[in-house]
Student: 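Here it is: the structure, laid out below.
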Amino acid sequence: MTLGGVPAGPGRGASAGPLVACHDVALLDLDGVVYVGPQPVRGAVEALAEVRRLGMRLAFVTNNASRAPDAVAAQLVGLGIPAAPSEVVTSAQAAAHYLADRLPVGARVLVLGTAALADEVAARGLRPVRGADDEPRAVVQGYSKDLGGRELAEAALAIRAGALWVATNTDATLPSPRGLLPGNGSLVAALRCATGQDPVVTGKPAPTMHFESIERSTADRPLVVGDRLETDIEGATSVGCPALLVLTGVTDPALLLAAEPARRPDYVAADLGGLLVAHSAPVGDASGARCGGWTVAGDRLAGDGDPIDALRALCAVSWGEGAPPPRWRADGDAAERALDALRLG
(Lines give C-alpha, C1' and ligand atoms only; values in the text may rest on other atoms or scores of the structure.)
Protein backbone atom coordinates (compact mmCIF):
# COMPACT_ATOMS: atom_id res chain seq x y z
CA MET A 1 0.00 0.00 0.00
CA THR A 2 1.10 3.57 -0.52
CA LEU A 3 0.32 6.54 1.67
CA GLY A 4 1.23 10.05 0.59
CA GLY A 5 2.37 8.63 -2.75
CA VAL A 6 5.29 6.59 -1.35
CA PRO A 7 5.53 3.22 0.41
CA ALA A 8 4.39 3.35 4.02
CA GLY A 9 7.17 3.14 6.57
CA PRO A 10 8.96 5.24 9.20
CA GLY A 11 8.39 8.87 8.29
CA ARG A 12 6.05 7.96 5.44
CA GLY A 13 2.71 7.18 6.99
CA ALA A 14 4.15 5.54 10.09
CA SER A 15 6.66 6.72 12.67
CA ALA A 16 8.96 4.53 14.71
CA GLY A 17 8.28 6.80 17.69
CA PRO A 18 6.64 10.13 18.46
CA LEU A 19 7.13 12.65 15.68
CA VAL A 20 8.91 14.95 18.13
CA ALA A 21 11.69 12.33 18.29
CA CYS A 22 11.85 11.74 14.52
CA HIS A 23 12.24 15.36 13.35
CA ASP A 24 14.39 18.23 14.58
CA VAL A 25 12.19 21.18 13.51
CA ALA A 26 8.44 21.56 13.13
CA LEU A 27 7.63 24.06 10.37
CA LEU A 28 4.31 25.21 11.76
CA ASP A 29 1.63 26.99 9.78
CA LEU A 30 -0.16 29.53 11.98
CA ASP A 31 -3.77 30.26 10.95
CA GLY A 32 -5.84 27.19 11.71
CA VAL A 33 -2.93 25.31 13.28
CA VAL A 34 -1.61 27.41 16.18
CA TYR A 35 -4.35 30.04 16.36
CA VAL A 36 -7.54 31.24 14.74
CA GLY A 37 -7.83 35.02 14.90
CA PRO A 38 -7.06 36.21 18.44
CA GLN A 39 -7.43 32.80 20.10
CA PRO A 40 -5.07 29.81 20.25
CA VAL A 41 -6.31 26.52 18.86
CA ARG A 42 -7.47 24.33 21.74
CA GLY A 43 -4.53 22.40 23.20
CA ALA A 44 -1.91 24.19 21.08
CA VAL A 45 -0.23 26.04 23.96
CA GLU A 46 0.23 22.89 26.02
CA ALA A 47 1.29 20.73 23.07
CA LEU A 48 3.95 23.16 21.84
CA ALA A 49 5.33 23.63 25.35
CA GLU A 50 5.80 19.87 25.63
CA VAL A 51 7.31 19.69 22.14
CA ARG A 52 9.93 22.27 23.12
CA ARG A 53 10.60 20.49 26.41
CA LEU A 54 11.36 17.31 24.48
CA GLY A 55 13.91 19.10 22.30
CA MET A 56 12.11 19.78 19.03
CA ARG A 57 12.66 23.28 17.64
CA LEU A 58 9.81 25.31 16.18
CA ALA A 59 9.54 27.60 13.18
CA PHE A 60 6.34 29.56 12.70
CA VAL A 61 5.69 29.75 8.97
CA THR A 62 2.96 31.95 7.53
CA ASN A 63 1.78 32.80 4.03
CA ASN A 64 0.46 36.08 5.43
CA ALA A 65 2.89 38.83 4.38
CA SER A 66 1.07 41.64 6.16
CA ARG A 67 2.90 41.50 9.51
CA ALA A 68 6.55 41.64 10.52
CA PRO A 69 8.15 38.70 12.37
CA ASP A 70 8.35 40.66 15.64
CA ALA A 71 4.60 41.35 15.50
CA VAL A 72 3.85 37.66 14.86
CA ALA A 73 6.17 36.62 17.68
CA ALA A 74 4.52 39.12 20.03
CA GLN A 75 1.10 37.69 19.23
CA LEU A 76 2.33 34.16 19.97
CA VAL A 77 3.85 35.25 23.26
CA GLY A 78 0.55 36.94 24.15
CA LEU A 79 -1.20 33.61 23.57
CA GLY A 80 1.20 31.85 25.94
CA ILE A 81 3.48 30.41 23.25
CA PRO A 82 7.12 31.53 23.64
CA ALA A 83 8.47 32.70 20.28
CA ALA A 84 11.30 34.89 19.03
CA PRO A 85 11.16 36.94 15.82
CA SER A 86 13.99 34.77 14.45
CA GLU A 87 11.65 31.75 14.66
CA VAL A 88 9.06 33.38 12.39
CA VAL A 89 9.22 32.89 8.62
CA THR A 90 6.86 34.94 6.44
CA SER A 91 6.01 34.87 2.77
CA ALA A 92 7.24 38.48 2.63
CA GLN A 93 10.74 37.24 3.46
CA ALA A 94 10.57 34.55 0.78
CA ALA A 95 9.37 37.05 -1.84
CA ALA A 96 12.05 39.60 -0.96
CA HIS A 97 14.74 36.90 -1.12
CA TYR A 98 13.46 35.79 -4.54
CA LEU A 99 13.57 39.37 -5.87
CA ALA A 100 17.03 40.09 -4.45
CA ASP A 101 18.40 37.05 -6.26
CA ARG A 102 17.14 38.48 -9.58
CA LEU A 103 17.48 42.26 -9.34
CA PRO A 104 20.49 44.54 -8.83
CA VAL A 105 21.01 46.24 -5.49
CA GLY A 106 18.91 49.39 -5.28
CA ALA A 107 16.39 48.30 -7.92
CA ARG A 108 12.94 49.82 -7.47
CA VAL A 109 10.15 47.46 -6.42
CA LEU A 110 6.51 48.54 -6.31
CA VAL A 111 5.15 47.18 -3.03
CA LEU A 112 1.49 46.26 -3.06
CA GLY A 113 0.97 45.45 0.60
CA THR A 114 1.86 46.58 4.10
CA ALA A 115 4.89 48.30 5.59
CA ALA A 116 6.08 44.88 6.79
CA LEU A 117 6.45 43.73 3.18
CA ALA A 118 8.19 46.96 2.22
CA ASP A 119 10.64 46.51 5.13
CA GLU A 120 11.58 43.00 3.95
CA VAL A 121 12.18 44.33 0.43
CA ALA A 122 14.39 47.11 1.81
CA ALA A 123 16.26 44.64 4.04
CA ARG A 124 17.38 42.82 0.88
CA GLY A 125 18.90 45.99 -0.56
CA LEU A 126 16.03 46.90 -2.88
CA ARG A 127 14.13 50.21 -2.99
CA PRO A 128 10.38 50.05 -2.20
CA VAL A 129 8.15 52.42 -4.17
CA ARG A 130 4.38 52.83 -4.41
CA GLY A 131 3.70 54.11 -7.92
CA ALA A 132 4.10 53.04 -11.54
CA ASP A 133 5.65 56.43 -12.40
CA ASP A 134 8.73 55.36 -10.38
CA GLU A 135 9.44 52.83 -13.17
CA PRO A 136 9.79 49.80 -10.87
CA ARG A 137 11.64 46.72 -12.07
CA ALA A 138 9.23 44.50 -10.16
CA VAL A 139 5.88 44.43 -8.37
CA VAL A 140 5.51 42.42 -5.17
CA GLN A 141 1.99 41.76 -3.93
CA GLY A 142 1.12 40.68 -0.40
CA TYR A 143 -2.03 40.69 1.69
CA SER A 144 -3.28 43.98 3.11
CA LYS A 145 -6.81 44.65 4.27
CA ASP A 146 -6.38 48.27 3.13
CA LEU A 147 -5.62 47.62 -0.54
CA GLY A 148 -7.99 49.40 -2.88
CA GLY A 149 -8.53 50.43 -6.46
CA ARG A 150 -5.78 53.06 -6.56
CA GLU A 151 -3.07 50.62 -5.43
CA LEU A 152 -4.25 47.91 -7.81
CA ALA A 153 -4.26 50.42 -10.68
CA GLU A 154 -0.63 51.40 -10.05
CA ALA A 155 0.41 47.75 -9.95
CA ALA A 156 -1.50 46.96 -13.16
CA LEU A 157 0.25 49.80 -15.00
CA ALA A 158 3.68 48.63 -13.82
CA ILE A 159 3.01 45.01 -14.77
CA ARG A 160 1.78 46.01 -18.20
CA ALA A 161 4.97 48.05 -18.63
CA GLY A 162 7.05 44.91 -18.11
CA ALA A 163 7.74 44.75 -14.36
CA LEU A 164 8.35 41.31 -12.88
CA TRP A 165 5.25 40.41 -10.83
CA VAL A 166 5.72 38.38 -7.64
CA ALA A 167 2.88 37.36 -5.32
CA THR A 168 3.64 36.31 -1.76
CA ASN A 169 0.82 33.78 -1.94
CA THR A 170 -2.43 33.04 -3.72
CA ASP A 171 -4.54 31.89 -0.75
CA ALA A 172 -8.07 32.76 -1.86
CA THR A 173 -9.30 33.06 1.72
CA LEU A 174 -8.05 34.03 5.17
CA PRO A 175 -9.45 32.43 8.36
CA SER A 176 -11.09 34.72 10.92
CA PRO A 177 -13.34 34.24 13.95
CA ARG A 178 -16.26 35.35 11.74
CA GLY A 179 -15.44 32.89 8.96
CA LEU A 180 -13.34 32.90 5.79
CA LEU A 181 -12.44 36.35 4.41
CA PRO A 182 -10.94 37.29 1.00
CA GLY A 183 -7.23 36.55 1.02
CA ASN A 184 -4.32 37.68 -1.12
CA GLY A 185 -5.28 35.28 -3.89
CA SER A 186 -8.57 37.08 -4.38
CA LEU A 187 -6.70 40.36 -4.98
CA VAL A 188 -4.17 38.61 -7.20
CA ALA A 189 -7.12 37.43 -9.28
CA ALA A 190 -8.14 41.06 -9.86
CA LEU A 191 -4.71 41.87 -11.31
CA ARG A 192 -4.71 38.70 -13.39
CA CYS A 193 -7.97 39.85 -14.92
CA ALA A 194 -6.64 43.40 -15.47
CA THR A 195 -3.27 42.44 -16.98
CA GLY A 196 -3.80 39.02 -18.56
CA GLN A 197 -0.62 37.85 -16.79
CA ASP A 198 0.25 35.43 -14.00
CA PRO A 199 2.60 36.23 -11.13
CA VAL A 200 5.50 34.23 -9.82
CA VAL A 201 4.23 32.87 -6.50
CA THR A 202 6.78 32.49 -3.71
CA GLY A 203 4.53 31.48 -0.80
CA LYS A 204 3.21 28.02 -0.08
CA PRO A 205 2.87 25.73 -1.98
CA ALA A 206 5.81 27.09 -3.99
CA PRO A 207 9.13 25.43 -3.07
CA THR A 208 10.59 28.91 -2.49
CA MET A 209 8.73 29.24 0.80
CA HIS A 210 9.79 25.85 2.15
CA PHE A 211 13.42 26.38 1.20
CA GLU A 212 13.28 29.75 2.97
CA SER A 213 11.85 28.05 6.08
CA ILE A 214 14.45 25.29 6.07
CA GLU A 215 17.30 27.77 5.53
CA ARG A 216 16.18 30.13 8.30
CA SER A 217 15.49 27.32 10.78
CA THR A 218 18.64 25.33 9.87
CA ALA A 219 16.53 22.18 9.89
CA ASP A 220 18.10 18.81 9.08
CA ARG A 221 14.94 16.68 9.48
CA PRO A 222 12.06 19.13 9.10
CA LEU A 223 8.39 18.29 9.43
CA VAL A 224 5.77 20.54 7.83
CA VAL A 225 2.65 20.95 9.98
CA GLY A 226 -0.42 22.52 8.40
CA ASP A 227 -4.16 22.53 7.93
CA ARG A 228 -4.44 23.26 4.18
CA LEU A 229 -3.94 20.56 1.57
CA GLU A 230 -3.40 22.99 -1.30
CA THR A 231 -0.68 25.03 0.42
CA ASP A 232 0.95 23.32 3.41
CA ILE A 233 0.75 19.71 2.23
CA GLU A 234 1.27 20.27 -1.49
CA GLY A 235 4.20 22.55 -0.69
CA ALA A 236 5.81 19.91 1.51
CA THR A 237 5.32 17.29 -1.21
CA SER A 238 6.97 19.59 -3.78
CA VAL A 239 10.25 19.58 -1.81
CA GLY A 240 10.06 15.99 -0.52
CA CYS A 241 9.42 17.02 3.09
CA PRO A 242 7.21 14.88 5.36
CA ALA A 243 3.98 16.59 6.42
CA LEU A 244 1.48 16.34 9.25
CA LEU A 245 -2.08 17.49 8.60
CA VAL A 246 -4.02 18.70 11.64
CA LEU A 247 -7.81 18.90 11.52
CA THR A 248 -8.17 22.18 13.42
CA GLY A 249 -8.41 24.44 10.39
CA VAL A 250 -9.67 24.41 6.82
CA THR A 251 -9.36 20.73 5.92
CA ASP A 252 -11.94 18.28 7.25
CA PRO A 253 -11.90 14.48 6.88
CA ALA A 254 -14.11 14.55 3.77
CA LEU A 255 -11.66 16.86 1.98
CA LEU A 256 -8.74 14.69 3.08
CA LEU A 257 -10.32 11.53 1.69
CA ALA A 258 -10.78 13.23 -1.68
CA ALA A 259 -7.22 14.65 -1.80
CA GLU A 260 -5.20 14.42 -4.97
CA PRO A 261 -1.87 12.52 -4.69
CA ALA A 262 0.26 15.68 -4.35
CA ARG A 263 -1.93 16.84 -1.46
CA ARG A 264 -1.86 13.70 0.67
CA PRO A 265 -0.04 14.10 3.99
CA ASP A 266 2.27 11.55 5.53
CA TYR A 267 0.55 11.89 8.90
CA VAL A 268 -2.82 13.08 10.15
CA ALA A 269 -3.84 14.13 13.66
CA ALA A 270 -6.72 15.85 15.35
CA ASP A 271 -4.47 18.68 16.57
CA LEU A 272 -0.89 19.55 17.52
CA GLY A 273 -0.93 16.78 20.10
CA GLY A 274 -0.13 14.59 17.10
CA LEU A 275 3.49 15.72 17.37
CA LEU A 276 3.79 13.91 20.69
CA VAL A 277 2.67 10.43 19.62
CA ALA A 278 3.73 7.67 17.27
CA HIS A 279 1.66 7.26 14.11
CA SER A 280 0.38 3.94 12.84
CA ALA A 281 0.24 3.30 9.11
CA PRO A 282 -2.82 1.59 7.66
CA VAL A 283 -2.29 -1.78 6.05
CA GLY A 284 -4.31 -2.47 2.92
CA ASP A 285 -5.41 -0.96 -0.35
CA ALA A 286 -8.53 0.08 -2.26
CA SER A 287 -10.27 -3.21 -1.49
CA GLY A 288 -9.86 -2.93 2.27
CA ALA A 289 -7.59 -1.71 5.03
CA ARG A 290 -7.00 -1.82 8.76
CA CYS A 291 -5.40 0.55 11.25
CA GLY A 292 -5.38 0.29 15.02
CA GLY A 293 -8.65 -1.31 16.06
CA TRP A 294 -10.43 -0.49 12.80
CA THR A 295 -11.15 -2.40 9.62
CA VAL A 296 -12.53 -1.01 6.37
CA ALA A 297 -13.99 -3.39 3.80
CA GLY A 298 -15.63 -1.85 0.77
CA ASP A 299 -17.72 1.00 2.14
CA ARG A 300 -18.07 -0.39 5.68
CA LEU A 301 -16.15 0.64 8.80
CA ALA A 302 -15.98 -1.78 11.73
CA GLY A 303 -14.05 -1.96 14.99
CA ASP A 304 -13.27 0.38 17.87
CA GLY A 305 -10.60 2.81 19.03
CA ASP A 306 -9.23 6.23 18.09
CA PRO A 307 -11.30 7.83 15.29
CA ILE A 308 -8.06 9.12 13.75
CA ASP A 309 -6.95 5.51 13.20
CA ALA A 310 -10.29 4.93 11.50
CA LEU A 311 -9.60 7.94 9.29
CA ARG A 312 -6.18 6.54 8.35
CA ALA A 313 -7.80 3.27 7.26
CA LEU A 314 -10.43 5.17 5.27
CA CYS A 315 -7.64 7.13 3.56
CA ALA A 316 -5.93 3.91 2.50
CA VAL A 317 -9.13 2.75 0.78
CA SER A 318 -10.03 6.15 -0.70
CA TRP A 319 -6.53 6.70 -2.04
CA GLY A 320 -6.27 3.28 -3.64
CA GLU A 321 -5.75 3.28 -7.38
CA GLY A 322 -8.97 3.98 -9.23
CA ALA A 323 -11.06 4.07 -6.06
CA PRO A 324 -13.33 7.11 -5.65
CA PRO A 325 -14.19 8.08 -2.08
CA PRO A 326 -17.31 6.02 -1.26
CA ARG A 327 -20.09 6.79 1.17
CA TRP A 328 -19.22 5.13 4.44
CA ARG A 329 -21.47 2.84 6.47
CA ALA A 330 -20.97 1.78 10.07
CA ASP A 331 -20.88 -1.75 11.40
CA GLY A 332 -21.75 -1.28 15.07
CA ASP A 333 -22.20 1.59 17.49
CA ALA A 334 -18.48 2.34 17.86
CA ALA A 335 -18.08 2.73 14.10
CA GLU A 336 -21.13 4.97 13.97
CA ARG A 337 -19.67 7.19 16.70
CA ALA A 338 -16.33 7.35 14.88
CA LEU A 339 -17.96 8.40 11.59
CA ASP A 340 -19.96 11.04 13.46
CA ALA A 341 -16.79 12.33 15.15
CA LEU A 342 -15.14 12.57 11.73
CA ARG A 343 -18.24 14.24 10.27
CA LEU A 344 -18.55 11.40 7.79
CA GLY A 345 -21.74 9.88 9.17
Student: Got a second to check how far Ser280's OG is from Ile308's CD1, nearest 0.5 Å?
Tutor: 12.0 Å
Student: Can you tell me how far apart CG (Asp266) and CG (Leu19) are? Round to the nearest 0.5 Å.
Tutor: 9.5 Å
Student: To the nearest 0.5 Å, how far apart are CZ in Arg263 and CG in Leu256?
Tutor: 12.5 Å
Student: Does atom CZ (Arg192) have a neighbourhood of more than 12 heavy atoms from anything else shown, all under 6.0 Å?
Tutor: yes
Student: Give every residue pair that meets the side-chain hydrogen bond (donor to acceptor under 3.5 Å, both in side chains) criterion with at least one member in residues 85-103, sequence neighbours excluded.
Tutor: Arg52-Glu87, His97-Arg124, His97-Glu212, Tyr98-Arg102
Student: Any ring pair (Phe, Tyr, Trp, His ring centres under 6.0 Å) involving residues 276-303? Give me the pairs, sequence neighbours left out, ordered by first then second residue.
Tutor: Tyr267-His279
Student: Within the side chain of Thr173, is there an N or O that forms a donor-acceptor pair under 3.5 Å with the backbone of Pro182?
Tutor: no
Student: With sequence neighbours excluded, give me every side-chain hydrogen bond (donor to acceptor under 3.5 Å, both in side chains) pair touching residues 66-81.
Tutor: Tyr35-Arg67, Asn64-Ser66, Arg67-Gln75
Student: For the atom pair CG (Leu276) and CD (Glu46), what is the distance rounded to the nearest 0.5 Å?
Tutor: 11.0 Å
Student: For the hydrophobic clusters of this structure (ILVMFWY residues joined by side-chain heavy atoms under 4.5 Å, transitively), does one cluster hold both Ile233 and Leu257?
Tutor: yes
Student: Identify the heavy atoms of Ala118 and Val111 that sit nearest to each other, and give their distance.
Tutor: N-CG1, 3.9 Å
Student: Let me check something: any side-chain donor-acceptor pairs from residues 332-345 under 3.5 Å, sequence neighbours excluded? List them with distances.
Tutor:
none

Student: About how many Å separate OG1 of Thr170 and CG of Leu187, when rounded to the nearest 0.5 Å?
Tutor: 12.0 Å
Student: Identify, with sequence neighbours excluded, every residue that meets side chain to side chain contact (heavy atoms under 4.5 Å, CB included) alongside Asp119.
Tutor: none
Student: Using side chain to side chain contact (heavy atoms under 4.5 Å, CB included) as the criterion, list what pairs up with Pro40, not counting sequence neighbours.
Tutor: Val45, Leu79
Student: Determine which pairs satisfy side-chain hydrogen bond (donor to acceptor under 3.5 Å, both in side chains) with at least one residue from residues 132-161, sequence neighbours left out, and list them in order.
Tutor: Gln141-Trp165
Student: Under the side chain to side chain contact (heavy atoms under 4.5 Å, CB included) test, which residues partner Ala163, sequence neighbours left out?
Tutor: Val139, Ala158
Student: Return the minimal non-hydrogen interatomic distance between Asn184 and Gly142, and the atom names on each side.
Tutor: OD1-C, 3.1 Å
Student: Side-chain donor-acceptor pairs under 3.5 Å in residues 243-251, sequence neighbours left out?
Tutor:
| residue | atom | partner | partner atom | Å |
| --- | --- | --- | --- | --- |
| Thr248 | OG1 | Gly32 | O | 2.7 |
| Thr251 | OG1 | Asp227 | O | 2.7 |

Student: Just by distance, do the side chain of Thr208 and the backbone of Ala94 share a donor-acceptor pair under 3.5 Å?
Tutor: no
Student: Considering all heavy atoms of both residues, which atom of Leu147 and which atom of Gly113 are nearest to each other, and what is their separation?
Tutor: CD2-N, 4.1 Å
Student: Measure from the side-chain N and O atoms of Ser238 to the backbone N and O of Gly235, and report whether any donor-acceptor pair falls under 3.5 Å.
Tutor: yes
Student: Got a donor-acceptor contact below 3.5 angstrom from the Arg327 side chain to the Asp299 backbone?
Tutor: no
Student: Can you tell me if Arg290 uses its side chain to pair, donor with acceptor, with the backbone of Gly284 under 3.5 Å?
Tutor: no
Student: Can you list every pair that meets salt bridge (charged side-chain N to carboxylate O under 4.0 Å, His left out) and has a residue in residues 247-258, with sequence neighbours left out?
Tutor: none
Student: Could you state whether Val88 and Met209 fall into the same hydrophobic cluster, counting links through intermediate Ile, Leu, Val, Met, Phe, Trp or Tyr residues with side-chain heavy atoms under 4.5 angstrom apart?
Tutor: no
Student: With sequence neighbours excluded, what pairs up with Thr231 under the side chain to side chain contact (heavy atoms under 4.5 Å, CB included) test?
Tutor: Asn63, Asp171, Lys204, Pro205, Arg228
Student: If you take all heavy atoms of Ser213 and Val89, which pair is closest and at what distance?
Tutor: OG-CG1, 3.7 Å
Student: Not counting sequence neighbours, which residues clear side-chain hydrogen bond (donor to acceptor under 3.5 Å, both in side chains) with Asp24? List them please.
Tutor: none
Student: Roughly how far, to the nearest 0.5 Å, is the CG atom of Leu180 from the OG atom of Ser186?
Tutor: 10.5 Å
